[in-house]
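These notes are about the structure you will find just below.
So that the names make sense, note that chain A is the first sequence line, chain B the second, and so on, each numbered from 1. Only a predicted model underlies this, so the values are computations on that prediction, with no experimental measurement involved.
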There are 2 protein chains.
Amino acid sequence: MTGTRRAGTQSLPFRSVAAKRRSPRLAISLDALDSHLGYFIRRVQIWVFQDFIRTMKPVDIRPAQFSALVVIGANPGLSQAELAATLAIERARLARLLHRLQARNLIRRLQSGDDGRRHALQLTPQGRTLLARAKTLAARHERRLIEKLGAAPHEMLLQALRDF
Amino acid sequence: MTGTRRAGTQSLPFRSVAAKRRSPRLAISLDALDSHLGYFIRRVQIWVFQDFIRTMKPVDIRPAQFSALVVIGANPGLSQAELAATLAIERARLARLLHRLQARNLIRRLQSGDDGRRHALQLTPQGRTLLARAKTLAARHERRLIEKLGAAPHEMLLQALRDF
DNA sequence: TATTGTTATACTCTATAACTATA
DNA sequence: TATAGTTATAGAGTATAACAATA
């Protein structure tokens, strides 16, 4: 609010040297990136997330939330630690994520009978209804991904990455 | 700082209902996630980033910074808009990212001669030296990824994702 | 002592919007 | 008007650390 704010060339201490390029570059080389799988995985991942989030707009569910709902729905009673391990989400982050799902009345956290530390997770009826809708939307997203990749590569990737 | 802070069961309004599960679950079902490529891509991506960041510790370079340095190194004089489009990074984010690289004296932003709006990007000598070292480290990371995936699937994935 | 879950902090990433300057 | 770059903001993701309750 109170900070000085200047736009433009503020951070350009080398203005005296003029660059020579004049026409838009035709092809930009990726150089070493071209052999780095992680670079391409990241790009696909960005596309997937963007398309997924757009597709899930009607139910307002993000990728991590979706994965949590699906796994809770298929494994009622599992603990937060189990869920965190399954999804490779930090316990700390999962706590906040679940708190929000609970606030939307999509899940319940029951205290486990024989271990007071554990929370047994389960969907509420409302959560089940929303999850069903979300799965339909997610399937639509997946069809788009298959379309973009081709069915054979899609299946191939699934096989290759499932047991990474 | 001043907020009330209680730990534990604060957000558990359903404590009266006890859960039945008693022994650790043997296998947790992924259910619908198992057919969603995006889920597995995300997991691999997390592994890749973690390993990459750990590997690059000696040069303190993050994935996005590395990709920027590589592309600038291979395409000296390109503009921020071109770089942003190439790497699929937001212009706004790229500005901050480059600002930091410039502060570390790894890149320079020269004002373009024929278009006062453009910044022609290039590496400093120090940037070139660091990039060389970073590329060596990145290759080491890639070898680890190949080891984990298998050489054939790695190449397969590269082919499939390059022109996504 | 170790585990489960919570809170806090700090930084990065993603997505927008508003702004300056240049074209 | 449109484009290049900057700044601000808000939300999400990532990584730690510290803590209470329970085992």
Side-chain angles (χ1 to χ4, degrees), chain A residues 1-12 15 19 24 42 45-50 52-54 60-65 67-68 78-85 87-100 102 109-121, chain B residues 1-12 15 19 22 24 42-43 45-50 52-54 57 60-65 67 78-85 87-100 102 109-121:
Chain A
M1 266 67 184
T2 53
T4 53
R5 185 166 161 206
R6 287 163 299 159
T9 54
Q10 162 200 9
S11 45
L12 282 174
R15 291 207 270 155
R42 171 181 154 268
Q45 219 250 308
I46 291 171
W47 185 91
V48 166
F49 263 45
Q50 285 173 340
F52 189 89
I53 292 167
R54 210 180 322 122
D60 189 26
I61 289 291
R62 316 244 333 151
Q65 295 176 321
S67 65
L78 91 168
S79 71
Q80 292 188 194
E82 287 171 326
L83 182 56
L87 298 178
I89 294 180
E90 277 293 319
R91 278 182 316 156
R93 195 190 141 217
L94 185 61
R96 290 191 302 272
L97 189 156
L98 293 178
H99 189 78
R100 224 168 297 180
Q102 184 173 356
R109 293 189 268 190
L110 313 180
Q111 194 172 49
S112 181
D114 39 79
D115 187 337
R117 296 172 303 181
R118 295 163 60 91
H119 294 172
L121 303 171
Chain B
M1 267 71 184
T2 53
T4 54
R5 184 167 161 204
R6 286 162 300 160
T9 54
Q10 163 199 10
S11 47
L12 282 174
R15 289 206 273 156
R22 47 189 64 261
R42 170 180 155 269
R43 295 189 61 112
Q45 219 251 308
I46 290 172
W47 183 92
V48 165
F49 264 44
Q50 284 174 341
F52 190 89
I53 292 168
R54 208 181 323 123
K57 209 73 163 188
D60 190 26
I61 289 289
R62 314 241 338 148
Q65 294 175 321
S67 64
L78 91 168
S79 70
Q80 294 189 190
E82 287 171 325
L83 182 56
L87 297 178
I89 293 179
E90 278 292 319
R91 278 182 318 159
R93 198 189 138 214
L94 186 61
R96 290 192 303 270
L97 188 156
L98 294 177
H99 189 78
R100 225 170 295 183
Q102 183 173 357
R109 293 189 267 189
L110 314 180
Q111 195 173 49
S112 181
D114 39 80
D115 187 338
R117 296 171 303 179
R118 293 164 59 95
H119 294 173
L121 303 171

Using atom CZ of B:Phe49 as one end and atom P of C:dT12 as the other, report the distance to the nearest whole Å.
-> 13 Å
Minimum-distance nucleotide (side-chain atoms of B:Arg109 versus D:dT6, D:dA15, C:dT6) | D:dT6
Out of D:dA18, C:dT16, D:dT14, minimum distance to the side chain of B:Ala92 belongs to C:dT16
Ignoring backbone atoms, test whether A:Gln111 places a side-chain nitrogen or oxygen under 4.0 Å from the OP1 or OP2 oxygen of D:dA21.
-> no
Rounded off to whole Å, could you give me the CZ-to-P distance for the B:Arg96 and C:dC13 pair?
-> 10 Å
Out of D:dG13, C:dG5, D:dT7, which nucleotide sits closest to the side chain of A:Arg93?
-> D:dG13
Rounding to a whole Å, what distance do you find between A:Asp115:CG and D:dA20:C1'?
-> 15 Å
If you check the B:Arg62 side chain, which of C:dT12, C:dA17, C:dT4 turns out closest?
-> C:dT12
Would you kindly give the NE2-to-P distance between B:His99 and C:dC13, to the nearest whole Å?
-> 16 Å
When every non-hydrogen atom of B:Arg62 is compared with those of B:Phe52, the smallest separation belongs to C-CE2, 4.1 Å
Quickly work out the B:Leu78 CG to D:dG5 C1' distance and round it to whole Å.
-> 14 Å
Gap between atoms CG and C1', on A:Leu121 and C:dG5 respectively (whole Å) = 11 Å
Using atom CD1 of B:Ile89 as one end and atom C1' of C:dT12 as the other, report the distance to the nearest whole Å.
-> 12 Å
From the list D:dA23, C:dG5, D:dA15, which nucleotide is the closest neighbour of the side chain of A:Gln80?
-> C:dG5
Check salt bridge (charged side-chain N to carboxylate O under 4.0 Å, His left out) between A:Arg117 and all other residues, then give those that pass, not counting sequence neighbours.
-> A:Asp115
Separation of C:dC13 P from B:Phe52 CZ (nearest whole Å) = 11 Å
Select base, sugar-phosphate, or nothing to describe what B:Leu94 touches, counting heavy atoms under 4.0 Å on all strands.
-> nothing
Per A:Arg117 side chain, nearest of listed nucleotides C:dT4, C:dT7, C:dC13 | C:dT4
Base, sugar-phosphate, or nothing: which does B:Arg100 touch, judged by heavy atoms less than 4.0 Å apart?
-> sugar-phosphate
Toward the 5' end of DNA chain C, which comes first, A:Ala95 or B:Gln65, by nearest nucleotide?
-> A:Ala95
Quick one: side chain to side chain contact (heavy atoms under 4.5 Å, CB included) partners of A:Arg100, sequence neighbours excluded?
-> none
B:Arg93 versus B:Ala64, closest heavy-atom pair with distance = NH2-CB, 3.1 Å
Please report the shortest heavy-atom distance between B:Arg109 and B:His99, naming the atom on each side.
-> NH2-CA, 3.3 Å
